Amino acid sequence: MPDFFQYVLLAVAGACLGSFVNVVAFQHTAGGRCIRVSSRCLVGKQHDIENLPLIGWLGYFWRCSHGDMGLPPRRLKVELALAGLLPLAFWRLGAADFSAAVPFIFLLSIIFLTDLDALTIPDRASLGGVALGLVFAALETPGLPNMHQALVGGFCGFGLVYGINALYCLWRGTDGIGIGDAKLMGMLGVWLGAPSLLPTLFAASLVATAFGTILAAQKGKELAPALVPFGCYLVAAALGWLLFAS
C-alpha cells in the first residue's frame, strides 16, 4: 500500500479513537461509568451519524440535532488531535514499535481529558495501564522495556513522585502532588523505562510552573497547587519523550 494511503487510514483510525476517548472521558467524569453506558450528547439521544468522528460534529453545523445547544468544540479538537497523533507516531516509531504505542496513547488521552475536566486520574487508566504495560513487557513486545526494566521504571516512577510529595508535606503540611500523579508516573515508568522519568517530570514541572505563573498573574493572586491539572503536563511530556526522545 502506498505510504500516502497508509497515513490517511491512520488519520481516520485516529479520529475514530478520538471519538471513543471523548465518550470514555466524558462518561467517567459524569459518573465513573466508562464503557457500560451508550454514547449520547448532553441534551438528548444522538443520531448514528452524530457518532461519526469529525462528520458528526460538522454535519449539524456544530449544533445538536435534538436542541439548540452547541456541540462541544473540544470534541472536534480531540478527534483532530488523535487523527494527527497516530500518523505522527507511525512515522516516528516505525511499523514495528507502533502497535504497542497505540494503547499507550489511548490511555494517556483519557487521563489527559479526565484530569483537565475533573482534576482526577482514573485508576482504570493509570493502574490498568501499569498492568497492561507489564503484560506487554512479559511478552517482550518490540519498542517497550523488558520485564525487569518495566518493574524498575514503575517502582521508580511511583516512588519519585510519592517521595517528592512526602517531603512537601513535611515542609508545608499539605499535599503538593496528588496520589493519582504518582500512579501515572508509575505507569510511565513501566511503558517508557526509568531513563524517561526525570526528563518527563522536569519538562512537565517547567511547563506547569510557566502556565501556573501566567494564570496567577491574570487572577492577581497565588494559584493553589491543587488547581493545576499536573497530569495533563505529565501526559504531554510523556508523549514528547515517546515520539522524539525514545
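Computed from a predicted model, the values in this text were never measured in an experiment.
- Cys232 pairs by the side chain to side chain contact (heavy atoms under 4.5 Å, CB included) definition with Phe112, Asp115, Leu116, Pro229, not counting sequence neighbours.
- The side-chain hydrogen bond (donor to acceptor under 3.5 Å, both in side chains) analysis of residues 85-94, with sequence neighbours excluded, yields no pairs.
- Between Pro122 and Thr114, the shortest heavy-atom distance links the atoms CD-OG1, 3.1 Å.
- Closest of all the heavy-atom pairs between Pro142 and Ala100 is O-CB, 4.1 Å.
- Between atom CG of residue Leu127 and atom CG of residue Leu184 there is a gap of 10.5 Å, rounded to the nearest 0.5 Å.
- If you chain together hydrophobic residues whose side chains sit under 4.5 Å apart, Leu170 and Ile177 never meet in one group.
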Report task. Evaluate the criterion side-chain contact (heavy atoms from CB on, under 4.5 Å) for residue pair Leu85 and Leu243; output intermediate values, then yes/no. Result -> CA-CA 10 Å; Leu85 188 57; Leu243 297 177; 3.7 Å; yes
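- The closest donor-acceptor contact from the side chain of Gln149 to the backbone of Asn146 lies under 3.5 Å.
- The CG atom of Leu242 sits 6.0 Å away from atom CD1 of Ile105, with the distance rounded to the nearest 0.5 Å.
- Within the model, atoms NE2 of His28 and CD1 of Ile121 stand 10.0 Å from one another, a figure rounded to the nearest 0.5 Å.
- Contact of the Leu144 side chain with the Leu139 side chain is not registered, since no non-hydrogen atoms from C-beta on lie closer than 4.5 Å.
- When all heavy atoms of Ser99 and Ala96 are compared, the pair lying nearest together is OG-O, 4.2 Å.
- With sequence neighbours excluded, the residues forming a side chain to side chain contact (heavy atoms under 4.5 Å, CB included) with Pro103 are Leu132, Phe136, Trp191, listed by chain and number.
- In the hydrophobic clustering of this structure, Leu198 groups with Leu192; members are Ile, Leu, Val, Met, Phe, Trp, Tyr whose side-chain heavy atoms approach within less than 4.5 Å, directly or through other members.
- Considering all non-hydrogen atoms of both residues, Ala238 and Leu108 come closest at CB-CD1, 4.3 Å.
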Working note: Met185 + Leu188, criterion side-chain contact (heavy atoms from CB on, under 4.5 Å); need CA distance, chi angles, decisive distance, verdict.
CA-CA 5 Å; Met185 280 294 289; Leu188 298 183; 4.0 Å; yes
Go through the steps for Tyr168 and Ile164 under the test side-chain contact (heavy atoms from CB on, under 4.5 Å), then give the verdict. CA-CA 6 Å; Tyr168 187 87; Ile164 291 174; 5.5 Å; no
### Task
Check step by step if side-chain contact (heavy atoms from CB on, under 4.5 Å) holds for Leu113 and Ser109.
CA-CA 6 Å; Leu113 293 180; Ser109 300; 5.8 Å; no
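- Remark: Ser126 OG to Met187 CE distance equals 7.5 Å, nearest 0.5 Å.
- The closest side-chain heavy-atom distance from Glu79 to Asn22 is below 4.5 Å.
- Residue pairs meeting the side-chain hydrogen bond (donor to acceptor under 3.5 Å, both in side chains) criterion with at least one partner in residues 154-167, sequence neighbours excluded, are Asn165-Asp175.
- Residues Phe158 and Ile179 form a side-chain contact, since some pair of their non-hydrogen atoms from C-beta on lies under 4.5 Å apart.
- Within the 4.5 Å cutoff, side-chain heavy atoms of Leu17 are placed close to those of Phe106.
- Phe244 is not connected to Leu206 by any chain of hydrophobic side-chain contacts under 4.5 Å among Ile, Leu, Val, Met, Phe, Trp and Tyr, and they are in different clusters.
- The shortest non-hydrogen separation linking Pro145 to Gly193 is CG-N, 3.7 Å.
- With rounding to the nearest 0.5 Å, the separation of CG in Leu93 from CZ in Phe98 is 8.0 Å.
- Applying the side-chain hydrogen bond (donor to acceptor under 3.5 Å, both in side chains) test to pairs two or more places apart or on separate chains, none has a residue in residues 131-143.
- Note that CG of Leu10 is 6.0 Å distant from CZ of Phe90, once rounded to the nearest 0.5 Å.
- In this view, Ala204 and Phe230, Tyr233, Leu234, Ala237 satisfy the side chain to side chain contact (heavy atoms under 4.5 Å, CB included) rule, not counting sequence neighbours.
- Trp241 and Val152 fall into different hydrophobic clusters, where Ile, Leu, Val, Met, Phe, Trp and Tyr residues are linked whenever their side-chain heavy atoms come under 4.5 Å apart, directly or through other members.
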